[in-house]
There are 2 protein chains.
Amino acid sequence: MVKKTKEEALETRNLLLDTAECVFNQKGVSGTTLADIASAAGVTRGAIYWHFKNKADLFEAMCERVRLPMETMIAAGAEDGVADPMGELRKTVDYFFLKVATDLHHHRVFDILFNKCEFVEQLGPIIDRDARVREAFRERFERTFANAVRLGQLPASTNVPLAVNAYLSYTKGIMRSWLLEPESFDLHRDGMRMMDGFFDMLGSSTALRD
Amino acid sequence: MVKKTKEEALETRNLLLDTAECVFNQKGVSGTTLADIASAAGVTRGAIYWHFKNKADLFEAMCERVRLPMETMIAAGAEDGVADPMGELRKTVDYFFLKVATDLHHHRVFDILFNKCEFVEQLGPIIDRDARVREAFRERFERTFANAVRLGQLPASTNVPLAVNAYLSYTKGIMRSWLLEPESFDLHRDGMRMMDGFFDMLGSSTALRD
DNA sequence: TTAATCATACATTCATGTATGTATAATTGA
DNA sequence: TCAATTATACATACATGAATGTATGATTAA
């Protein structure tokens, strides 16, 4: 075929990433071959091997497209959230739910990460990366919850680590439920109602206090 | 090799299922070959192909060993739970958490189902089965929540379908969090504290009411 | 002229499924 | 009861297809 201009090459790269999202979603990560993606994208495996080292590299690049905006959002929230920690926690889930519900890329990639790939050592760097991100999130939220306690937004006896675990479990649980059955409820509207119930609980129930 | 007696044959079958749990857990379902399982069990693929049709059949049998006790427990709870619906809901999670936290088979299999396998059409009957089970659970819990409202255990304006989604999302979220990081909290003790917070919330917060 | 952007062709590995072999438990018949 | 037969419970060997990675070719932007 003809040689493409740099812009066209970048287009095919994005096309490959878009196509990978769809095919991974349909057949699972380990269930799809590079030939599947290539044919679905209307190219050959040569194109894939030019832009990416292998399937793992392609998968990582696909994740990166949605991970970066997420992490920058988190980093941004950490700055201006000190005055209103609980408000920041609410904003964070709100952003996540809205993003996944409205942006197809986020929808597909999170669906893949939650339900269409196997979290085993084989993924290597993905797992490590994910573990580090989880740890960073946990630390970040621990500080936020601690700030909320300090500012009187939460009861002084709140068990912060437990509350963080509950917060993470609930948000991910809602996310995963919706990804498995998007028709069963509205992620943004109903999901935030659930989270508001959670935030109410932190103030009223003694279950997560020492 | 020698021909085994019927009992010995059943032992190797169970050995294969046990080994499959471990290997699937380490390398993921699609990442493990039947040769992996065979060598880990100290037999050859011939043994596997004698007891099971193929990998999917082995996987299904492995799931069945934990699914059956679960479903009978659910069915039993449906009988004597009509007098105290909320108590039944609590008992159900309590049983789940305790079982997964203490029984290695349940721990491994749920870990596989949650994190180490791809929920795509390829699994075929597993997916269908799971969808039917989910639907049955949802109906069951919808009735239970409705009973709780009728008996005055929950506010009359409670949005039952939303509450059910919240209940399912929370329990599964807690389960999954713990399976990913078993050291981060105690599934039974802390998990039930989280759920108690949830039950408190249903009575105090207006977030899940109409 | 060179190097980028793929398509094409080829070699290799690897998992699967099946066919066959084998030794013995289980069963049958007298 | 005891050989003779049969079916069981695997191990071994083989054929097949499929996915991967690489090497090479072709065309044209730079």
Side-chain angles (χ1 to χ4, degrees), chain A residues 1-20 22-24 26-62 116-118 120-126, chain B residues 1-20 22-24 26-62 116-118 120-126:
Chain A
M1 275 287 177
V2 301
K3 174 185 177 199
K4 309 286 188 63
T5 173
K6 272 188 187 291
E7 298 171 9
E8 288 171 322
L10 201 137
E11 276 180 30
T12 48
R13 188 190 136 96
N14 284 326
L15 170 68
L16 287 174
L17 290 172
D18 292 344
T19 310
C22 297
V23 184
F24 282 155
Q26 290 169 16
K27 317 176 68 169
V29 173
S30 65
T32 77
T33 161
L34 293 183
D36 291 335
I37 299 175
S39 79
V43 296
T44 69
R45 287 188 306 123
I48 296 181
Y49 277 103
W50 170 254
H51 287 284
F52 309 97
K53 257 186 63 182
N54 47 32
K55 190 162 85 173
D57 190 40
L58 167 62
F59 179 75
E60 205 170 343
M62 187 196 72
K116 314 291 180 59
C117 78
E118 303 179 349
V120 285
E121 220 188 72
Q122 192 190 4
L123 271 80
I126 303 285
Chain B
M1 274 287 177
V2 301
K3 176 190 175 192
K4 308 288 187 62
T5 173
K6 274 188 186 291
E7 298 169 7
E8 289 172 322
L10 202 137
E11 276 179 28
T12 48
R13 188 189 136 96
N14 284 326
L15 170 69
L16 287 174
L17 291 173
D18 291 345
T19 309
C22 297
V23 184
F24 282 155
Q26 290 169 17
K27 318 177 67 170
V29 173
S30 65
T32 77
T33 161
L34 292 183
D36 291 335
I37 298 175
S39 79
V43 296
T44 68
R45 289 188 304 123
I48 296 181
Y49 276 103
W50 171 254
H51 287 284
F52 309 98
K53 257 186 64 182
N54 46 33
K55 191 162 83 172
D57 190 40
L58 168 61
F59 179 76
E60 205 171 344
M62 189 196 71
K116 314 293 180 61
C117 79
E118 303 179 348
V120 285
E121 220 189 71
Q122 193 189 4
L123 270 79
I126 303 284

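We name chains A, B, ... by the order of the sequence lines, and we start the count at 1 in each one.
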How many whole angstroms separate atom [atom1] of [X] from atom [atom2] of [N]?
X: A:Glu7; N: D:dA29; atom1: CD; atom2: C1'; value: 12 Å
X: A:Leu10; N: D:dA29; atom1: CG; atom2: C1'; value: 16 Å
X: A:Ile48; N: D:dT22; atom1: CD1; atom2: C1'; value: 15 Å
X: A:Lys6; N: D:dT28; atom1: NZ; atom2: C1'; value: 14 Å
X: B:Glu8; N: C:dT24; atom1: CD; atom2: C1'; value: 11 Å
X: B:Arg13; N: D:dC10; atom1: CZ; atom2: P; value: 12 Å
X: A:Trp50; N: C:dA3; atom1: CH2; atom2: P; value: 12 Å
X: B:Glu11; N: D:dT8; atom1: CD; atom2: P; value: 19 Å

Using only side-chain N and O atoms of B:Thr5, determine if any of them is under 4.0 Å from OP1 or OP2 of C:dA26.
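So the side-chain polar atoms of B:Thr5 do come within 4.0 Å of the phosphate oxygens OP1 or OP2 of C:dA26, strictly under.
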
Report yes if a side-chain nitrogen or oxygen of B:His51 is closer than 4.0 Å to either non-bridging phosphate oxygen (OP1 or OP2) of D:dC10; otherwise report no.
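For D:dC10, OP1 or OP2 has a side-chain N or O of B:His51 closer than 4.0 Å.
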
Produce a footprint string for nucleotides 16-21 of chain D: one letter per nucleotide, 5' end first; B if the base is under 4.0 Å from any protein heavy atom, S if only the sugar-phosphate is, - if neither.
---SBB

Applying side-chain contact (heavy atoms from CB on, under 4.5 Å) to A:Phe24 and A:Lys55, what does each step give before you reach the verdict?
CA-CA 11 Å; A:Phe24 282 155; A:Lys55 190 162 85 173; 4.2 Å; yes

Hey, does A:Thr44 reach any base, or is it just sugar-phosphate, or nothing, if we go heavy atoms under 4.0 Å?
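Counting heavy atoms under 4.0 Å across all strands, the contact made by A:Thr44 includes a base.
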
How close do A:Ala41 and A:Thr19 get, heavy atom to heavy atom, and via which atoms?
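Where A:Ala41 meets A:Thr19 most closely, the heavy atoms are CB-OG1, 3.5 Å.
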
Please report the C-alpha distance between A:Thr12 and A:Trp50 in whole Å, then the side-chain angles of each, then the deciding distance to 0.1 Å, and finally whether the side-chain contact (heavy atoms from CB on, under 4.5 Å) criterion is met.
CA-CA 11 Å; A:Thr12 48; A:Trp50 170 254; over 6 Å; no

With sequence neighbours left out, what residues match B:Ala56 under side-chain contact (heavy atoms from CB on, under 4.5 Å)?
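B:Ala56: side-chain contact (heavy atoms from CB on, under 4.5 Å) contacts with B:Asn54.
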
Those residues that, when tested against A:Glu8, pass side-chain contact (heavy atoms from CB on, under 4.5 Å) (two or more places apart)
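A:Glu8 satisfies side-chain contact (heavy atoms from CB on, under 4.5 Å) with A:Lys4, A:Thr5 once adjacent residues are dropped.
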
Min side-chain heavy-atom separation A:Val120-B:Lys27 under 4.5 Å
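No, their side chains stay 4.5 Å or more apart.
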
Apply the test side-chain contact (heavy atoms from CB on, under 4.5 Å) to residues B:Val29 and B:Glu118: give CA-CA distance (whole Å), side-chain angles for both, the deciding distance (0.1 Å), then the verdict.
CA-CA 8 Å; B:Val29 173; B:Glu118 303 179 348; over 6 Å; no

